[in-house]
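Below is one structure, written out as structure tokens, with a few remarks after it.
Computed from heavy atoms alone, side chains included, the values below leave out hydrogens, waters and symmetry copies.
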Amino acid sequence: LHTRLGVPVGIINAASGGAMGNYWCSLDELHKIDFAPVKEMMAAQDQAVADWDSPAGRKRILDEYEKKFAQDLAQWEKDAAQAAADKKKAPKKPEHKPPTGPQVRSLASYLYNARIVPIGRLAVRGAIYLQGEQQVLDWHVDQYRYTFPAVIRSFRAAMGEEIPFGIITLQGAAHTKGNLGEMDMSDRSAIVREIHYRTHLATPNTGFICAADVGLGLHPNWKRPVAERAVWWALTDVYKEIEGRPMSVKGVDFLPGKAVVHIQEER
């Protein structure tokens, strides 16, 4: 971009590994989602936050932790003594780490609040977003149909305008972690890509940046093609430096021995 535009171009990296889509949404957007699993998730989180914010609730949580820690420590002492008698390596001693916040698996909105809101009022020209791998691993695609569009709305709420939003979709080979009995990872990745693409078609001022052919693992192995495609999207849609003709597949006719793919311009 710097070479083409002739001006300095900065990038703010707000990334975080292992993130679910709901981590990047605002609480307001998540509470608007009318989908039972999301409602249950938010109700559980709201209750956990309320319990932690209550003096009585926090005392109960900390007391329960101390009770459990004392039990674990007593068991460790027995196990360590037995290991010494057997001339074996002692098990790892439990660490005393009382909870410091609400006891939920992962707080929704925490990355949005920590990493997007603080930069929201800067003069940001656009966003590029690559996420969805954790949906593949944890199989939370049912929620992702609702939370991913909410990510875009949340970013735009924080930044005060309809910023261009480039969606870098998942690469295609996936990988082979976990139980593949019902659906393998490549199929799961395809569903995430479809959610990305349908959201792109339904949301103005977004770009769909394909990365389906750039690697063999869960993440793109070959970074340069992904960057180049993101740059071409920016030069075409954001900076209007070049004229682009976005294409998409209109349909496929399967004939004997071949498939005929029909292409259409998106606009």
Side-chain angles (χ1 to χ4, degrees), residues 15-25 33 35-38 41 106 111 127-155 165-230 232-233 237 244-255 257-267:
S16 182
M20 301 286 283
N22 56 283
Y23 299 178
W24 298 102
C25 298
I33 295 174
F35 182 58
V38 177
M41 174 186 70
S106 295
L111 287 176
I128 50 176
Y129 185 88
L130 169 56
Q131 181 272 328
E133 297 91 343
Q134 204 62 36
Q135 263 69 33
V136 172
L137 296 178
D138 290 353
W139 197 219
H140 286 166
V141 173
D142 56 343
Q143 296 182 18
Y144 200 56
R145 299 181 190 277
Y146 300 87
T147 57
F148 178 63
V151 168
I152 302 176
R153 295 194 296 270
S154 298
F155 272 56
F165 195 96
I167 305 163
I168 301 178
T169 195
L170 300 189
Q171 62 85 23
H175 76 161
T176 55
K177 177 180 178 181
N179 181 6
L180 308 184
E182 295 184 4
M183 181 178 293
D184 67 27
M185 292 297 182
S186 60
D187 290 335
R188 295 183 183 186
S189 297
I191 293 175
V192 171
R193 284 194 297 275
E194 182 180 7
I195 293 171
H196 286 163
Y197 187 59
R198 289 182 180 273
T199 302
H200 157 61
L201 294 180
T203 310
N205 206 17
T206 59
F208 184 80
I209 300 160
C210 182
D213 59 338
V214 293
L216 302 175
L218 188 63
H219 301 288
N221 297 94
W222 309 309
K223 311 299 185 185
R224 188 177 183 89
V226 183
E228 289 173 342
R229 294 167 192 178
W232 282 110
W233 165 72
D237 287 1
R245 299 174 60 195
M247 302 288 184
S248 63
V249 176
K250 183 178 181 180
V252 182
D253 294 330
F254 293 98
L255 305 175
K258 63 181 178 180
V260 179
V261 181
H262 301 277
I263 304 297
Q264 64 182 355
E265 289 192 48
E266 287 190 9
R267 59 175 184 270

Handout entry: Min side-chain heavy-atom separation Leu255-Val260 under 4.5 Å
Key = yes

Exercise for the section: Check whether any side-chain heavy atom of Ile168 lies under 4.5 Å from a side-chain heavy atom of Tyr129, and answer yes or no. Expected result: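 When only atoms from C-beta onward are counted, Tyr129 and Ile168 do not touch, as no gap falls below 4.5 Å.
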
Problem - Parallel, tilted or perpendicular: rings of Tyr197 and Phe208 (30°, 60°) - result: perpendicular

Practice task
Please work out whether the ring planes of Phe155 and Trp24 are parallel, tilted or perpendicular, with thresholds of 30° and 60°.
Solution key: tilted

Handout entry: Contacts of Tyr146 that satisfy ring pair (Phe, Tyr, Trp, His ring centres under 6.0 Å) - sequence neighbours left out
Key = Phe35

Fill in the blank from the handout: With sequence neighbours left out, the residues meeting side-chain hydrogen bond (donor to acceptor under 3.5 Å, both in side chains) with Thr206 are His200

Practice task
Apply side-chain hydrogen bond (donor to acceptor under 3.5 Å, both in side chains) to Arg229 and list each qualifying residue two or more places apart in sequence or on a separate chain.
Solution key: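 With sequence neighbours excluded, Arg229 shows a side-chain hydrogen bond (donor to acceptor under 3.5 Å, both in side chains) to Asp213, given in chain and number order.
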
Distance check, rounded to the nearest 0.5 Å: [X] atom [atom1] versus [Y] atom [atom2]?
X: Ile33; Y: Asn22; atom1: CD1; atom2: CG; result: 8.5 Å
X: Ser248; Y: His262; atom1: OG; atom2: NE2; result: 13.0 Å
X: Thr203; Y: Phe165; atom1: OG1; atom2: CZ; result: 9.5 Å
X: Arg145; Y: Thr199; atom1: CZ; atom2: OG1; result: 9.5 Å
X: Arg153; Y: Cys25; atom1: CZ; atom2: SG; result: 8.0 Å
X: Leu130; Y: Leu170; atom1: CG; atom2: CG; result: 7.0 Å

Listed by chain and number, what are the side chain to side chain contact (heavy atoms under 4.5 Å, CB included) partners of [X], not counting sequence neighbours?
X: Arg198; value: Glu194
X: Val252; value: Val249, Phe254, Ala259, Val261
X: Ala202; value: none

Problem - Steps toward side chain to side chain contact (heavy atoms under 4.5 Å, CB included) verdict (Trp233, Ile128) - result: CA-CA 10 Å; Trp233 165 72; Ile128 50 176; 3.8 Å; yes

Practice task
Please step through side chain to side chain contact (heavy atoms under 4.5 Å, CB included) for the pair Ile167 and Ile209, ending with a clear verdict.
Solution key: CA-CA 6 Å; Ile167 305 163; Ile209 300 160; over 6 Å; no

Problem - Pair Tyr144-His196, side-chain donor/acceptor within less than 3.5 Å - result: yes

Which heavy atom of [X] sits nearest a heavy atom of [Y], and at what distance?
X: Ala211; Y: Val226; answer: CB-CG2, 4.2 Å
X: Pro37; Y: Asp142; answer: CG-OD2, 4.1 Å
X: Leu111; Y: Ala19; answer: CD1-CB, 3.7 Å

Practice task
Look only at the side chain of Gln264 and the backbone of Met247, and say whether a donor-acceptor pair between them is shorter than 3.5 Å.
Solution key: no

